[in-house]
Enquirer: 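Sharing a structure with you now.
Residue numbers run from 1 in the order of the sequence given. First listed ligand is number 1; within each ligand, the first listed atom is number 1. Worth saying up front: this structure is predicted, and the values here are computed from it rather than measured.
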Amino acid sequence: NNSDVEEASLFLEEYNNVSQTTFNRNMEAAWTFNTNITNENQKKMVEVQLETDLWQQEMANRAAAFNTSAFNATMQRQFYKIKDIGTAAMTDHGKLQKLNEVLSDMESIYSTGKVCFAENDCKPLDPDITRLFETSRDEQKLRIAWKGWRDQTGRKMRDLYTTFHSFCVYPCVCVGYADTGAYWRSWYEMDTFDQEVKRLFEQLKPLYEQLHAFVRQRLKKQYGAAIFPQTGHIPAHLLGNMWAQSWNSLQDLLMPFPSKPILDVTEEMVKQKYTPRKIFEVSDDFFKSLGMIEMPFEFWNKSMLERPAGREVVCHASAWDFYNGRDFRVKQCTDITMDHLSTAHHEMGHIEYFLQYRNQPLVFRDGANPGFHEAVGDVISLSVETPKHLNKIGLLPNYVEDNETDINFLMAMALQKIAFLPFGYLIDQWRWSVFKGVTKASDYNKAWWNLRCGLQGVSPPVPRSEEDFDPGAKYHIPGNTPYIRYFVSYVLQFQFHKALCGIAGHNGPLHTCDIYNSSAAGQKLSAMLSKGSSQVWTESLKELTGQTTMSAQPLMDYFQPLLDYLRAANGDEVGWSDDCPSFADPL
Ligand SMILES: CC(=O)N[C@@H](CC(=O)O)C(=O)NC[C@H](CC1(C(=O)N[C@@H](Cc2ccc(O)cc2)C(=O)O)CCCC1)C(=O)O
Ligand SMILES: [Zn+2]
């Protein structure tokens with residue numbers, strides 16, 4: 001076969017030109033559906049997705065005709081990525097069409113799901129039910145909403161997911177891999193990846209157990225011990241979030257020193273008449289302060305920064321690369337809350353990464369690994385959310401630095417970051433076992449609650465059975481979006497933060513660092529981001545931090561003062577038993 005470098009270069013040039021228009025067209029069709037959910041737009045998106053998959057198959061076949069062994073590393077890496085197309089490699093076009101239809105059907109069920117409290121009183125997740133979980137302390141109402149959401153989403157998806165599942169086990173539709181999970185893990189380019197994340201999770205478990213014990217004890221005071229199971233689990237509907245994945249909306253109940261100013265600036269944002277646009281301008285201003293690339297004209301012109309009236313949209317926030325080097329958009333049903341300020345930074349972090357690598361060959365326009373892409377925006381938020389920075393931008397006017405506020409701040413950050421770790425870890429533990437065929441359709445919910453009870457120490461507030469399909473109540477399962485990237489990001493973002501704070505000349509504890517206005521930090525971050533996925537992620541990590549492996553140490557250093565406080569406050573009332581209360585086997 002063909003080892004001619006000249007011809008290979010011509011092929012890559014053709015690929016890079018044609019792929020930009022092909023992928024641009026695909027993103028436009030997906031954007032049209034996501035910002036206007038109709039049957040017609042769904043059909044059109046599935047059709048264009050199939051055409052894109054078939055074009056990728058054709059290019060993969062043409063790439064396979066080259067013998068790349070004599071090519072330089074960059075060319076070899078491009079050929080590898082052109083051939084590595086996963087699900088799109090499926091040659092049975094009818095099956096591929098069916099797969100994409102099942103996925104878009106599940107996405108529609110999730111995105112149009114509503115919780116009904118009475119006949120004509122039905123509310124969507126965003127913003128109504130999300131706000132309910134953030135603000136209500138009425139456990140009966142929360143329990144109804146918790147069950148109602150799962151009845152309206154997961155329960156309706158079980159058969160669709162079972163069909164989808166049949167495409168993902170061997171002989172997997174993602175050609176060349178044992179199953180879909182193996183394909184997803186391959187993006188981390190290390191065959192010990194699953195052991196790596198397990199090691200990190202075990203290392204971080206003690207922090208989580210201490211936080212869990214403190215929160216359980218406070219919530220027992222708030223709601224009375226009677227609704228808490230003897231096993232030590234926290235009922236999942238009491239944690240301020242539909243999935244109990246982050247607990248920072250419970251700050252008012254959980255501050256160690258409640259007399260100090262509240263660090264959740266939502267009220268101040270509303271008082272200052274913040275708009276969705278203003279929220280994104282605050283984020284854009286931070287990137288500019290680092291000397292990084294500001295949001296281009298088309299971003300402000302074409303993004304959807306708030307929920308439109310009169311049509312159904314996918315409200316789950318997302319950032320979009322239209323692969324033409326200048327069209328990048330965010331879609332977010334922005335609410336005026338601190339959580340949405342954080343989300344805006346997260347989404348803009350994706351856009352900044354898109355901008356930094358926009359001149360790379362198309363196959364390198366990706367994160368160094370998926371966790372890198374998820375960490376960019378959150379690293380900026382670690383600076384933005386410090387009381388010092390919030391005071392600087394006028395959102396925390398009566399802030400005085402003292403020890404008690406410091407502990408309160410660390411508690412607020414732990415409720416967002418530490419609380420998330422077992423959740424970020426367990427979603428793909430469940431999915432990888434499903435894709436391997438270890439978890440069968442008849443055990444979907446039992447396997448889910450074994451992980452939720454065992455690793456997260458939460459229990460279902462109403463009995464569950466295999467009539468339910470609780471994984472489907474979380475966006476990323478019907479959305480078929482891998483999730484371990486967020487666990488990886490929560491570890492990496494503290495490694496990045498520590499490195500950038502050093503470059504910015506920060507002195508003192510890591511949790512007080514704000515890299516705002518540091519062009520040195522901005523330069524170092526930009527240099528790493530601009531590489532995209534052109535080199536293995538350990539090289540990118542080394543360029544930014546000097547390390548070549550993920551390490552939980554910076555995260556643990558950041559929270560050390562809080563861990564000391566929690567150990568003193570908790571005594572030995574820590575942990576929970578493995579059996580899952582109120583998981584009723586089919587009657
Ligand atoms: C075209 C496309 O799909 N693009 C990708 C990006 C890309 O691949 O280029 C994309 O936009 N994905 C959407 C997804 C949205 C969010 C999410 O799902 N977050 C997790 C976990 C979490 C929560 C808080 C947090 O601070 C960090 C993570 C959850 O909500 O459970 C919801 C709000 C935050 C991020 C995202 O932005 O990652
Ligand atoms: Zn993200």
Side-chain angles (χ1 to χ4, degrees), residues 23-24 26-35 45 49 103 107 110-111 125-127 130 133 184 187 241-249 279 283 303-304 314-323 327-335 337-358 365-382 384-385 413 415-428 471 473-494 529 532-533:
F23 288 175
N24 176 269
N26 197 41
M27 296 309 268
E28 286 285 10
W31 177 267
T32 303
F33 170 72
N34 273 264
T35 56
M45 175 181 68
Q49 180 66 58
L103 286 171
E107 177 109 57
Y110 184 92
S111 295
L125 181 69
D126 291 305
T130 301
F133 272 86
W184 289 3
W187 300 326
N241 173 279
M242 176 59 84
W243 308 277
Q245 70 183 68
S246 280
W247 309 342
N248 39 312
S249 56
I279 284 178
S283 179
S303 291
M304 184 198 95
V314 174
C315 259
H316 196 81
S318 54
W320 298 60
D321 185 346
F322 284 81
Y323 293 107
D327 188 354
F328 308 91
R329 305 174 202 169
V330 164
K331 173 185 59 58
Q332 183 173 327
C333 301
T334 309
D335 208 1
T337 65
M338 183 168 185
D339 196 47
H340 272 252
L341 177 67
S342 173
T343 299
H345 283 80
H346 181 92
E347 297 312 328
M348 199 170 280
H350 286 305
I351 304 291
E352 185 64 29
Y353 215 157
F354 298 151
L355 287 164
Q356 290 287 346
Y357 61 49
R358 71 187 184 287
R365 295 189 199 170
D366 238 333
N369 75 37
F372 276 61
H373 231 301
E374 299 309 334
V376 181
D378 283 11
V379 162
I380 304 303
S381 288
L382 287 175
V384 170
E385 293 174 15
M413 292 309 288
L415 293 172
Q416 194 193 136
K417 301 291 181 183
I418 303 289
F420 180 79
L421 295 173
F423 187 78
Y425 177 73
L426 73 82
I427 294 230
D428 280 348
K474 175 63 191 169
Y475 172 79
H476 298 71
I477 300 294
N480 198 36
T481 311
Y483 207 83
I484 199 70
R485 58 184 60 181
Y486 298 113
F487 178 79
V488 170
S489 157
Y490 274 48
V491 172
L492 284 176
Q493 62 189 248
F494 287 91
L529 297 179
S533 62

Enquirer: Any chance you could lay out the ring-ring contact (aromatic ring centres under 6.0 Å, His included) test for Tyr490 and Tyr486, step after step, and finish with the verdict?
Expert: CA-CA 6 Å; Tyr490 274 48; Tyr486 298 113; 7.8 Å; no
Enquirer: Pull out every atom of ligand 1 sitting under 4.0 Å from any heavy atom of Thr343, numbered as shown with elements.
Expert: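 Under 4.0 Å from Thr343, ligand 1 has these atoms: 33 (C).
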Enquirer: If the contact criterion is a heavy-atom separation under 4.0 Å, does Gln332 count as touching ligand 1?
Expert: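 The answer is no, since Gln332 has no heavy atom less than 4.0 Å from ligand 1.
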Enquirer: Which of these passes ring-ring contact (aromatic ring centres under 6.0 Å, His included) with Phe423: Trp243, Trp247, Tyr483?
Expert: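 For Phe423, the ring-ring contact (aromatic ring centres under 6.0 Å, His included) test succeeds with only one of Trp243, Trp247, Tyr483, which is Tyr483.
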Enquirer: At what distance, to the nearest 0.5 angstrom, does NE2 of His346 lie from CG of Asp339?
Expert: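 Those atoms lie 11.5 Å apart.
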Enquirer: Could an N or O of ligand 1 be found under 3.5 Å from any N or O of Glu347, whether backbone or side chain?
Expert: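 Yes, at least one N or O pair falls under 3.5 Å.
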Enquirer: Determine whether the side chain, the backbone, both or neither of Asp378 has a heavy atom under 4.0 Å from any heavy atom of ligand 1.
Expert: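 Looking at Asp378 and ligand 1, just side chain atoms fall under 4.0 Å.
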Enquirer: Determine whether a donor-acceptor pair (N or O, by modelled atom type, separation under 3.5 Å) exists between the side chain of His350 and the backbone of His373.
Expert: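 Looks like yes, one N/O pair under 3.5 Å.
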Enquirer: Within ligand 1, which atoms have a heavy atom of Phe354 less than 4.0 Å away?
Expert: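 This gives 9 (O) as the contact atoms.
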Enquirer: Give me the residue, atom name and distance of the protein heavy atom closest to atom 15 (C) of ligand 1.
Expert: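 Ranked first by proximity to atom 15 (C) of ligand 1 is Ala317 O, 3.0 Å.
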Enquirer: I'd like to check which ligand 1 atoms, numbered from 1 as shown, lie under 4.0 Å from a non-hydrogen atom of Gln245.
Expert: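 Contacts of ligand 1 toward Gln245, numbered from 1: 29 (C), 30 (O), 31 (O).
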Enquirer: Closest by any non-hydrogen atom to atom 31 (O) of ligand 1: pick that one out of Trp243, Tyr483, Tyr475.
Expert: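 It is Tyr483 whose heavy atom sits nearest to atom 31 (O) of ligand 1.
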Enquirer: Could you tell me which N, O or S atom of Glu374 is nearest to the Zn ion (ligand 2)?
Expert: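 Minimum-distance N/O/S atom of Glu374 relative to the Zn ion (ligand 2) is OE1.
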Enquirer: Working to the nearest 0.5 Å, report the span between CG of Asp327 and CH2 of Trp320.
Expert: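 Reported to 0.5 Å precision, the distance equals 11.5 Å.
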Enquirer: At what distance, to the nearest 0.5 angstrom, does CG of Leu341 lie from CG of Asp335?
Expert: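 Spacing of CG (Leu341) from CG (Asp335) equals 12.0 Å.
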Enquirer: As a check for students: among Ala319, Gly367, Gly377, identify the option with a heavy atom nearest to atom 5 (C) of ligand 1.
Expert: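 The option holding the nearest heavy atom is Ala319.
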Enquirer: Can you measure from CE (Met338) to CD1 (Ile279) and round to the nearest 0.5 angstrom?
Expert: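 With rounding to 0.5 Å, CE (Met338) is 11.5 Å from CD1 (Ile279).
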Enquirer: Give me the residue, atom name and distance of the protein heavy atom closest to atom 38 (O) of ligand 1.
Expert: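 Atom 38 (O) of ligand 1 sits closest to the protein heavy atom Tyr486 OH, 2.6 Å.
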Enquirer: Does the shortest distance from the Zn ion (ligand 2) to an N/O/S atom of Glu347 fall below 2.8 Å?
Expert: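 No.
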Enquirer: Pick one of side chain, backbone, both or neither for how Gln416 approaches ligand 1, counting any non-hydrogen atom pair under 4.0 Å.
Expert: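 None of Gln416 does.
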Enquirer: Tell me the protein heavy atom at minimum distance from atom 3 (O) of ligand 1, and give that distance in Å.
Expert: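 Looking at atom 3 (O) of ligand 1, the protein heavy atom closest to it is Ser318 CB, 4.3 Å.
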Enquirer: With a heavy-atom distance limit of 4.0 Å, tell me whether Tyr353 approaches ligand 1 through its side chain, its backbone, both, or neither.
Expert: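 It is neither; nothing of Tyr353 touches ligand 1.
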Enquirer: Should Tyr490 be listed as contacting ligand 1, given a heavy-atom distance under 4.0 Å as the test?
Expert: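 In this structure, Tyr490 qualifies as a contact of ligand 1 - some heavy atom is under 4.0 Å.
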Enquirer: Under the 6.0 Å and 45° cation-pi test, does Arg329 pair with Phe322?
Expert: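 Yes, Arg329 sits over the ring of Phe322.
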Enquirer: Under the 3.5 angstrom rule, does the side chain of Gln493 hit a backbone N or O of Ala375 as a donor-acceptor pair?
Expert: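 Pair absent, no side-chain N/O of Gln493 close to backbone of Ala375.
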Enquirer: Can you measure from CE (Met348) to OG (Ser303) and round to the nearest 0.5 angstrom?
Expert: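 Met348 CE to Ser303 OG: 8.0 Å, rounded to 0.5 Å.
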Enquirer: Write down the atom of Lys331, the atom of His316, and the distance for their closest heavy-atom approach.
Expert: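 Looking at all heavy atoms of both residues, the closest pair is NZ-O, 2.7 Å.
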Enquirer: Look at atom 30 (O) of ligand 1 and find which of Met242, His350, Lys474, Glu374 reaches it with the closest heavy atom.
Expert: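 Among Met242, His350, Lys474, Glu374, the closest heavy atom to atom 30 (O) of ligand 1 comes from Lys474.
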Enquirer: Kindly confirm whether the Zn ion (ligand 2) is within less than 2.8 Å of some N/O/S atom in His350?
Expert: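 Looking at His350, which is the residue asked about, there is an N, O or S atom under 2.8 Å from the Zn ion (ligand 2).
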